[in-house]
Trainee: 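So that we are looking at the same thing, I have put the structure below in structure tokens.
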Amino acid sequence: MLASRIFINTLREAPAEAEIASHRLMLRAGYIEPLAAGIFNWQPLGLRVVQKIAGIVREEMNAAGAAEVLMPAVQPAELWHASGRWQVYGKELLRLQDRHERDYCVGPTHEEVVVDLVRRHVKSWRQLPLNLYQIQTKFRDEIRPRYGVMRAREFIMKDAYSFDRDAAGALASYQAMREAYSRIFDRIGLEYCIVAADSGAIGGSQSEEFLVLAASGEALLARAAAGYVNLDQVPCAAPDAKRPAAGEEMKKVDTPGVASIEELRGFLQQPPPPERCVKTMVAVGEKGMAAVLLAGADQLNLAKAGQHPAIGAGARLAEEAEVREAVGAGFGSLGPVGMPLPVVADLRLQPCADFACGANEDGKHLLGVNFGRDCPEPDYADLRLAAEGDAGADGKPLELRRGIEVGHIFYLGTKYSDAFKAVYESEDSGAQTMEMGCYGIGVTRIVAAAIEQGHDEHGVVLPAAIAPFEAAVLPLGHEEEVAKAARALYEALRAAGVDVLLDDRGLRAGRAFSDLDLVGVPHRLVVSKRSLAENATEYKPRTGGEARLLPLADAPAEIAKLVAAA
RNA sequence: CGGGGUGUAGCGCAGCCUGGUAGCGCAUCUGGUUUGGGACCAGAAGGUCGUGAGUUCGAAUCCCACCACCCCGACCA
């Protein structure tokens with residue numbers, strides 16, 4: 001590839017809107033360009049990275065026995081009515097009508113389409129198992145797209161769907177996908193982990209997430225014995241302290257405008273320590289609504305709240321209006337005394353006496369409150385989100401990391417095959433419903449995740465497997481012999497199987513160097529009068545090494561070896 | 001959807017408070033000198049100041065409405 005011909009649009013300064021490193025660098029390196037909120041043009045350099053990732057995904061999916069298809073981006077509403085998701089999916093589903101006013105959506109996922117396809121063709125047990133996948137553009141109308149392609153509305157995803165005769169077969173397919181995914185992320189060359197996903201709402205289903213470790217990740221992880229787990233799945237032990245006797249009388253104080261524990265402590269002359277300031281929130285699940293109590297500095301773990309019988313699965317925080325209707329006071333003034341809802345307290349509050357809390361009256365708080373005396377003893381449960389510094393299961397302090405979700409595998413059971421009557425004639429027991437799994441990889445998100453993990457002050461640092469080019473040949477100087485030798489080296493590298501860029505733009509040295517650094521080319525080969533005097537090229541890796549001379553004759557094989565070893 | 005912020009040349013920004021010829025750096029174009037980590041000199045081009053409606057002799061600047069984008073939150077597996 002010639003640099004002069006492939007539309008390299010690097011920026012010296014990053015556009016102001018970019019917050020995180022990957023977004024900034026993808027704009028600066030000319031990988032992407034925004035077109036609308038969460039919608040991007042992929043320029044040639046960025047697209048090359050996308051295609052390299054997609055290529056690896058495709059190879060491993062094929063190797064795992066999956067067959068590639070391509071399903072439409074626009075899907076008829078009837079399919080979504082059949083699964084019931086036309087009602088359920090909400091505003092994330094971009095809906096539209098054609099000229100005949102028939103309803104369609106832009107596909108955020110393809111369970112409906114693929115089940116419809118498979119049920120019409122698969123009739124016999126002999127046709128199973130089957131795994132169909134595609135690499136295709138999806139659209140999810142995110143409430144708030146952000147961080148460039150990390151959380152975009154339009155994005156490229158690999159989605160696969162497995163169909164098996166029975167649950168055992170489906171779990172084998174699941175396992176095969178798990179292994180294929182591991183090979184994919186190994187080959188891409190990122191530091192990643194696999195964690196169990198919260199399966200509470202689905203019940204009994206198996207689901208795991210693949211996360212790339214990066215400081216800017218949205219998912220919180222904790223190191224566990226084997227790898228990592230989602231932070232919200234880390235249990236918190238009960239404190240072993242005993243509750244001291246009540247030492248204060250309960251009294252009500254005016255606290256106008258105080259809406260948080262921090263503000264309360266700032267407002268009071270002699271505030272109790274945070275562990276004796278009780279924070280009250282209201283959670284709603286499928287079983288009902290309850291007040292949840294936590295020590296002031298702790299965070300609520302909604303997944304844990306959902307396990308309490310008074311709340312139930314799918315727990316969320318209540319809206320202020322719901323709270324006002326149920327309790328008569330708004331956020332910031334809630335507390336256990338006179339609370340009409342069931343009260344569940346975190347284990348850490350068990351030894352808590354003489355605490356401060358809201359009075360269930362706007363602008364008022366109570367001090368010197370004691371369970372058992374001033375209000376009923378609450379039900380205690382593990383409710384808080386584990387935090388940095390907690391003791392882990394092995395007694396050592398919990399180690400926290402963040403991750404970016406780039407893959408998700410899911411055992412589905414018969415949820416969709418039931419809805420679509422995807423049945424086959426079994427070998428011995430008549431008509432059977434197919435068992436399904438679905439498996440996603442966020443291809444474009446991986447580009448951002450890889451850059452989050454790989455960058456420095458000069459720009460993008462990508463593994464050779466997914467860099468836009470594996471190597472670049474850069475002629476310096478205007479001598480005829482330099483241009484000729486560079487061209488020859490470029491051709492030799494191509495012949496050796498290296499994906500190489502010839503930077504024939506004739507830029508000044510400094511500009512060319514910083515451009516190649518910014519764009520993320522892992523291996524740089526400079527050809528100049530100086531190097532030709534030694535019959536050599538000056539080789540420099542993007543990171544972790546000094547420039548050194550390589551004989552021109554050896555360079556192609558040497559670089560091919562370095563690329564293969566990466 | 002709630003809160004905050006920003007829209008001025010391709011990019012980064014100043015000007016707005018206190019109304020009166022639209023500016024700076026980088027990028028671009030021309031000529032020249034340069035040529036190993038974003039060169040220098042000289043010249044040039046580039047703007048419906050987000051859109052609309054007002055106030056005013058006069059609006060980038062003041063008022064109102066709208067739109068777009070960004071950030072925080074809520075939402076989502």
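Letters go in sequence order (proteins before strands), and every chain restarts at 1. Given the structure is predicted, the values throughout are model-derived calculations rather than measurements. Quick note: numbers below take in every heavy atom, side chains included, and nothing from hydrogens, waters or symmetry partners.
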Trainee: Working to the nearest 0.5 angstrom, can you tell me the gap between A:Phe513 CZ and A:Leu507 CG?
Mentor: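 If I round to the nearest 0.5 Å, the distance is 11.0 Å.
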Trainee: Tell me the interatomic distance from A:Leu11, atom CG, to B:G25, atom P, rounded to whole angstroms.
Mentor: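 Rounding to the nearest Å, CG of A:Leu11 and P of B:G25 are 20 Å apart.
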Trainee: Quote, to the nearest angstrom, the C1' distance that separates B:G50 from B:A45.
Mentor: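 These two C1' atoms come out 24 Å apart once rounded.
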Trainee: Would you call the rings of A:Tyr89 and A:Trp80 parallel, tilted or perpendicular, taking 30° and 60° as the class edges?
Mentor: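 Ring orientation, 0 to 90° scale: perpendicular.
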Trainee: Do A:Glu13 side-chain and B:G10 base share a donor-acceptor contact under 3.5 Å?
Mentor: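 A donor-acceptor contact between them is absent.
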Trainee: Taking atom P of B:C69 as reference, at what distance in whole Å does atom NE2 of A:His23 sit?
Mentor: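 Spelled out: NE2 on A:His23 to P on B:C69 is 13 Å.
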Trainee: When the distance from CG of A:Asp159 to C1' of B:A77 is rounded to whole Å, what number comes out?
Mentor: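 After rounding, the reported distance stands at 15 Å.
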Trainee: With the criterion being N/O to N/O and under 3.5 Å, what pairs connect the protein with nucleotides 29-35 of chain B, and how long is each?
Mentor:
residue: B:U34; atom: O2; partner: A:Arg508; partner atom: NH1; Å: 2.9
residue: B:U35; atom: N3; partner: A:His478; partner atom: NE2; Å: 3.0

Trainee: Looking at B:A77, which nucleotide sits across from it as a Watson-Crick or G-U wobble partner, both distances under 3.5 angstrom, or is there none?
Mentor: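 Its partner: none found.
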Trainee: Let me know, please, whether A:Ala36 or A:Leu518 comes out on the 5' side of the other along RNA chain B by nearest nucleotide.
Mentor: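 Nearer the 5' end of the strand: A:Leu518.
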Trainee: Ion pair present between A:Arg542 and A:Asp456, side-chain N to carboxylate O less than 4.0 angstrom?
Mentor: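 The answer is yes: the pair qualifies as a salt bridge.
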Trainee: Where the side chain of A:Pro15 is concerned, which of B:C76, B:G73, B:C11 is the nearest nucleotide?
Mentor: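 The answer is B:C11, which lies nearest to the side chain.
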Trainee: Select one nucleotide: of B:G37, B:A77, B:C71, the one nearest the side-chain heavy atoms of A:Arg151.
Mentor: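 Closest of the options to the side chain of A:Arg151: B:A77.
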Trainee: Do A:Tyr228 side-chain atoms and A:Leu220 backbone N/O form a donor-acceptor pair below 3.5 Å?
Mentor: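 No, the answer is negative, given that no donor and acceptor are paired below the 3.5 Å cut-off.
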Trainee: I need the CD1-C1' distance between A:Ile8 and B:A27, as an integer number of Å.
Mentor: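 Taking CD1 of A:Ile8 and C1' of B:A27, I get 16 Å after rounding.
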Trainee: Taking only the C1' atom of each, what is the distance from B:U18 to B:U61 in whole angstrom?
Mentor: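 One C1' to the other, the span is 10 Å.
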Trainee: Atom CG of A:Leu317 and atom P of B:C1: how far apart are they, to the nearest Å?
Mentor: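 Distance check: A:Leu317 CG to B:C1 P gives 22 Å.
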Trainee: Between B:C16 and B:G32, how far apart are the P atoms? Round to whole Å, please.
Mentor: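 My reading of the P atoms in B:G32 and B:C16 gives 42 Å.
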Trainee: Run the ring-centre check on A:Phe185 versus A:Tyr192 and record whether the distance is less than 6.0 Å.
Mentor: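 A:Phe185 vs A:Tyr192: aromatic centres under 6.0 Å.
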Trainee: Once you apply the 3.5 Å cut-off to both distances, tell me the Watson-Crick or G-U wobble partner of B:U48, or none.
Mentor: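 Its partner is none (no Watson-Crick or G-U wobble pair with both distances under 3.5 Å).
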Trainee: What interatomic distance, in whole Å, is found between C1' of B:C24 and the corresponding atom of B:A14?
Mentor: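 Going atom to atom, C1' in each nucleotide, I get 7 Å.
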Trainee: Taking a pair as Watson-Crick or G-U wobble with both distances under 3.5 Å, which nucleotide is matched to B:C62?
Mentor: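 Paired with B:G54.
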Trainee: Mind checking the C1' distance from B:C49 to B:A68? Whole angstroms is fine.
Mentor: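 B:C49 and B:A68 have their C1' atoms separated by 16 Å.
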Trainee: Who does B:A68 pair with, Watson-Crick or G-U, both distances under 3.5 Å?
Mentor: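 When the pairing criteria are applied, B:U6 turns out to be the nucleotide that pairs with B:A68.
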Trainee: Between OG of A:Ser162 and CD of A:Glu435, what distance do you get to the nearest 0.5 Å?
Mentor: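 A:Ser162 OG to A:Glu435 CD: 9.5 Å, rounded to 0.5 Å.
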Trainee: For the P atoms, the ones on B:G20 and on B:A65, what distance do you get once it is rounded to whole angstrom?
Mentor: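 The answer is 25 Å between these two P atoms.
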Trainee: Within residues 131-145 of chain A, find the residues that approach RNA chain B with a heavy atom at under 4.0 Å, and present them sorted by residue number.
Mentor: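 Of all residues in residues 131-145 of chain A, the ones placing a heavy atom under 4.0 Å from RNA chain B are A:Ile143, A:Arg144.
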Trainee: Select from A:Thr10 and A:Leu302 the residue whose nearest nucleotide in RNA chain B is closer to the 5' end of that strand.
Mentor: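 Taking each residue's closest nucleotide, the earlier one in sequence belongs to A:Thr10.
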Trainee: Tell me which nucleotide, if any, is Watson-Crick or G-U wobble paired with B:C11 when both distances must be under 3.5 Å.
Mentor: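 Pairing partner, where one exists within any strand: B:G25.
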Trainee: Any base atoms under 4.0 Å from A:Tyr147, or only sugar-phosphate, or nothing? Heavy atoms, all strands.
Mentor: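 The residue A:Tyr147 makes sugar-phosphate contact but no base contact.
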Trainee: With a 3.5 Å limit on both atom pairs, tell me what B:C40 is paired to, counting Watson-Crick and G-U wobble, or say none.
Mentor: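 WC or wobble partner is B:G32.
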Trainee: With rounding to whole Å, what would you report as the distance between B:A59 and B:C64 at their C1' atoms?
Mentor: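 Between the two C1' atoms, the distance is 15 Å.
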Trainee: Tell me, with the steps shown, if A:Leu211 and A:Glu405 meet side-chain contact (heavy atoms from CB on, under 4.5 Å).
Mentor: CA-CA 4 Å; A:Leu211 297 127; A:Glu405 184 190 338; 4.0 Å; yes
Trainee: Tell me: CD of A:Glu218 to P of B:A77, nearest whole Å?
Mentor: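 These atoms are roughly 14 Å apart.
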Trainee: Suppose we screen for side chain to side chain contact (heavy atoms under 4.5 Å, CB included). Which residues come up paired with A:Ala214, at least two apart in sequence or across chains?
Mentor: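 With sequence neighbours excluded, A:Ala214 shows a side chain to side chain contact (heavy atoms under 4.5 Å, CB included) to A:Ser216, A:Ile404, A:Glu452, given in chain and number order.
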Trainee: Can any side-chain N or O of A:Glu19 pair as donor or acceptor with the backbone N or O of A:Tyr147 at less than 3.5 Å?
Mentor: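 Not a single qualifying donor-acceptor pair exists.
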Trainee: On the 0 to 90° scale, with breaks at 30° and 60°, tag the A:Trp86-A:His81 ring pair as parallel, tilted or perpendicular.
Mentor: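 Tilted, since the angle between the ring planes falls between 30° and 60°.
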Trainee: Would you indicate what A:Ala18 reaches in the nucleic acid, counting non-hydrogen atoms under 4.0 angstrom: base, sugar-phosphate, or nothing?
Mentor: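 Touches nothing.
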Trainee: If I take atom CZ in residue A:Arg146 and atom P in nucleotide B:A74, what distance separates them, rounded to the nearest angstrom?
Mentor: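 Answer to the nearest Å: 9 Å.
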Trainee: Using the C1' atom as the reference point in each nucleotide, state the distance between B:A27 and B:G46 in Å, no decimals.
Mentor: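 Roughly 12 Å separates the two C1' atoms.
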Trainee: I need the CG-P distance between A:Asp232 and B:A77, as an integer number of Å.
Mentor: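 In whole Å, B:A77 P and A:Asp232 CG are 13 Å from each other.
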Trainee: Are any of the side-chain nitrogens in A:Arg324 or A:Asp362 under 4.0 Å away from the carboxylate oxygens of its partner?
Mentor: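 Answer for the salt bridge query: yes.
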Trainee: Inspect the contact between A:Glu218 and A:Arg151 and indicate whether a charged nitrogen and a carboxylate oxygen are less than 4.0 angstrom apart.
Mentor: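 Result for this pair is yes, salt bridge flagged.
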